[in-house]
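Naming convention: chains lettered A, B, ... in sequence-line order (proteins, then strands); numbering from 1 in each chain.
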Protein chains: 2
Amino acid sequence: MSNQVYLVDDDEAIRDSLGWLLQSRGLTCTAFASAEEFLAAWSPQLAGCLLLDIRMQGMSGLQLFDRLLELGNRLPVLFLTGHGDVPMAVSALKKGAFDFVEKPCDDKELMGRVLEALQVDASNRASAASSESINSRLEKLTTRERQIMELILAGKFNKVIADELQISMRTVEVHRANLFEKMGVRTAVELSQLMTGRR
Amino acid sequence: MSNQVYLVDDDEAIRDSLGWLLQSRGLTCTAFASAEEFLAAWSPQLAGCLLLDIRMQGMSGLQLFDRLLELGNRLPVLFLTGHGDVPMAVSALKKGAFDFVEKPCDDKELMGRVLEALQVDASNRASAASSESINSRLEKLTTRERQIMELILAGKFNKVIADELQISMRTVEVHRANLFEKMGVRTAVELSQLMTGRR
DNA sequence: CCCTTAATTGTGGATATCCACAACCCGCCG
DNA sequence: CGGCGGGTTGTGGATATCCACAATTAAGGG
């Protein structure tokens, strides 16, 4: 699990105190003084979580959040704010923010939520990674192999597939063997488990 | 889709005005003057959504919410409050509340959220129904059949299963055929698709 | 004690799958 | 032109699956 926390707050005192708190508990904290700075450093591969102040000079935390959503951010976002209101919190959470905390807040409380966020990120990344690995294997399939895979996943026998595609059963067998090989499965059931949920 | 809205608020004026609003848009509104009253009427089969005031005489809306969670409530809960604060909203949403709205609120806004909640409920119920149907079929399986199903889902051949269970392959075939019949599937792939995600 | 249900096994034949070995056609690219 | 990759097909044999027909054993309930 990554122990990286990104902190965006335009108040240096907060950056220092929170940074100290996080690091004293064994987390790595990287601080940014503005939304723009973080945006410049952001990449889809960042792991960890994001502590985000709302009221800031320039781009606000909420605007940064929206922008990150567009960019496909997967980092759990924990809003930190001194002047939040209910609709703001509700909207942020419904858009997928991980948490919304008012400053000042209890150190233990905050640490707990940050750790939760890091957990969530770790499990998100794990499932994203396996899904990526599946995608890369899918890309190695030829058109015909993908087509036949669909029919296998529809629970059809080789014979039926051959009929539907107007090719010999032997050909279906070959494609089937090849695609199993490429997908790294040994049986149709494994393939089905690998693929159910996507598509 | 159900058009039933349950409204719990101890203020008669609110019950009347909201009830009127909802009914004027074609929804059915059933109002309760206290958490206790609703609790008495509640059953797991209720469909629709729940509009819940927080500050009330006796049990508060939040307490009712917690109690309903324990009871396995699946109705989307839309909190309505005149005196909510941010931590309260955050905690409610993180516990699974559907929304958290401050009174007074815009009629159109509220209607939109209520309709959303009804949609969510409808789709929840649809998937719960199919999952229920699967469960009831699972219950009809004998212990042995369930056991063999596990091994099939692990992608094992009848032969291997027979070895592992120290029984004849013929027996495995029989159980397999029976459980396919009971589960309403024709192939192992279909079974796998039915079962992946649960367990 | 009888009946039911679950679990078990056998026989035998029709089908289906798996696989090694070989081969042909075609379009694309250097 | 020659090579390469993708799609195609065939043969034949070893395995596996599917299924109808038949039957035994053990446990639990009425």
Side-chain angles (χ1 to χ4, degrees), chain A residues 130-199, chain B residues 130-199:
Chain A
S130 91
S131 154
E132 254 324 294
S133 135
I134 294 175
N135 283 337
S136 74
R137 277 176 277 170
L138 275 178
E139 280 165 15
K140 298 206 192 311
L141 297 185
T142 67
T143 308
R144 203 51 154 173
E145 285 165 350
R146 251 189 297 278
Q147 188 178 14
I148 287 180
M149 187 181 73
E150 297 299 324
L151 298 172
I152 291 173
L153 292 176
K156 294 177 178 166
F157 296 104
N158 288 353
K159 195 183 186 181
V160 177
I161 296 174
D163 283 351
E164 288 190 15
L165 297 183
Q166 299 274 291
I167 58 181
S168 89
M169 213 178 83
R170 188 64 193 80
T171 307
V172 176
E173 290 173 12
V174 171
H175 289 315
R176 177 187 174 108
N178 290 338
L179 79 89
F180 276 20
E181 170 72 23
K182 289 183 185 173
M183 296 303 290
V185 298
R186 294 161 42 77
T187 68
V189 170
E190 286 178 19
L191 181 68
S192 150
Q193 289 171 346
L194 201 63
M195 298 299 299
T196 38
R198 49 181 57 232
R199 226 167 359 112
Chain B
S130 91
S131 156
E132 254 324 294
S133 135
I134 294 175
N135 283 338
S136 74
R137 277 176 277 170
L138 275 179
E139 280 165 16
K140 297 206 193 311
L141 297 185
T142 66
T143 308
R144 203 51 154 172
E145 285 165 353
R146 250 189 297 278
Q147 187 179 15
I148 287 181
M149 187 180 73
E150 297 300 324
L151 298 172
I152 291 173
L153 292 177
K156 295 178 176 166
F157 296 105
N158 287 354
K159 195 185 186 179
V160 178
I161 295 174
D163 283 352
E164 290 191 14
L165 297 184
Q166 298 276 290
I167 57 180
S168 88
M169 212 179 86
R170 188 63 193 81
T171 306
V172 176
E173 290 174 13
V174 171
H175 288 315
R176 178 188 174 107
N178 290 339
L179 80 88
F180 276 21
E181 169 72 24
K182 289 182 185 174
M183 296 302 291
V185 299
R186 295 162 43 75
T187 68
V189 170
E190 286 178 20
L191 181 66
S192 148
Q193 289 171 346
L194 200 63
M195 299 299 301
T196 36
R198 51 181 56 230
R199 223 166 0 109

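Here the closest non-hydrogen pair linking B:Val185 and B:Glu190 is CA-OE1, 3.6 Å. The two residues A:Leu153 and B:Gln193 come nearest to each other via the heavy atoms O-NE2, 2.6 Å. A:Gly155 and B:Thr187 get closest at one heavy-atom pair: O-CG2, 3.5 Å. Of all heavy-atom pairs spanning B:Ser192 and A:Val189, the tightest one is OG-O, 3.8 Å. When all heavy atoms of A:Ser133 and A:Ser136 are compared, the pair lying nearest together is O-OG, 3.0 Å.
Rounded to an integer number of Å, the gap from CG of B:Leu165 to P of C:dT8 is 8 Å. One can place CD of A:Glu173 at 11 Å from C1' of D:dT9, the figure rounded to the nearest angstrom. A:Ile167 has its CD1 atom 17 Å from the P atom of C:dC26, to the nearest Å. Summarising the geometry, the separation between CG on A:Asn158 and P on D:dA16 is reported as 16 Å, rounded to the nearest angstrom. One interatomic measurement links the two molecules: NZ of A:Lys182 to C1' of D:dG5, which rounds to 10 Å at whole-angstrom precision. We find that CD of B:Glu181 is positioned 10 Å from P of D:dC19, with the value rounded to whole Å. The distance from atom NZ of A:Lys159 to atom C1' of C:dT17 is 13 Å, rounded to the nearest whole Å. Regarding B:Leu141, its CG atom lies at a distance of 16 Å from the P atom of C:dT5, rounded to whole Å.
Considering CD1 of B:Ile161 and OG1 of B:Thr171, their distance stands at 12.0 Å, rounded to 0.5 Å.
Taking only side-chain nitrogens and oxygens, B:His175 never comes nearer than 4.0 Å to OP1 or OP2 of C:dA6. At the phosphate of C:dT8, neither OP1 nor OP2 sits under 4.0 Å from any side-chain N or O atom of B:Thr171. One finds a side-chain N or O of B:Arg176 lying less than 4.0 angstrom from the OP1 or OP2 phosphate oxygen of D:dC18.
Across the interface with DNA chain D, nearest-nucleotide mapping of A:Lys140 and A:Ser168 shows A:Lys140 to be the residue nearer the 5′ end. The nearest heavy atom of DNA chain C to B:Arg170 and to B:Thr142 marks one nucleotide each, and the one closer to the 5' end goes with B:Thr142. When each of A:Asn178 and B:Val174 is assigned the nucleotide of DNA chain D with its nearest heavy atom, A:Asn178 is the one assigned upstream, toward the 5' end.
Residue B:Glu145 forms a side-chain hydrogen bond (donor to acceptor under 3.5 Å, both in side chains) with just one option from B:Lys182, B:His175, B:Lys140, and that option is B:Lys182.
Each of D:dT9, D:dT17, C:dA7 was ranked by its minimum atom distance to the side chain of B:Phe157; first place goes to D:dT17.
Within residues 184-192 of chain A, no residue has any heavy atom under 4.0 Å from DNA chain C.
Taking the C1' atoms of five terminal pairs at each end of the helix from C:dC1-D:dG30 to C:dG30-D:dC1, the two resulting helix axes are inclined by 30°, rounded to 10°.
More than 12 heavy atoms of other residues, nucleotides or ligands shown are found within 6.0 angstrom of CD on B:Glu164. Within 6.0 Å of the CZ atom in B:Arg146, the count of heavy atoms belonging to other residues, nucleotides or ligands exceeds 12.
Comment: B:Arg170 engages B:Glu173 in a salt bridge, judged by a side-chain N to carboxylate O separation of less than 4.0 angstrom.
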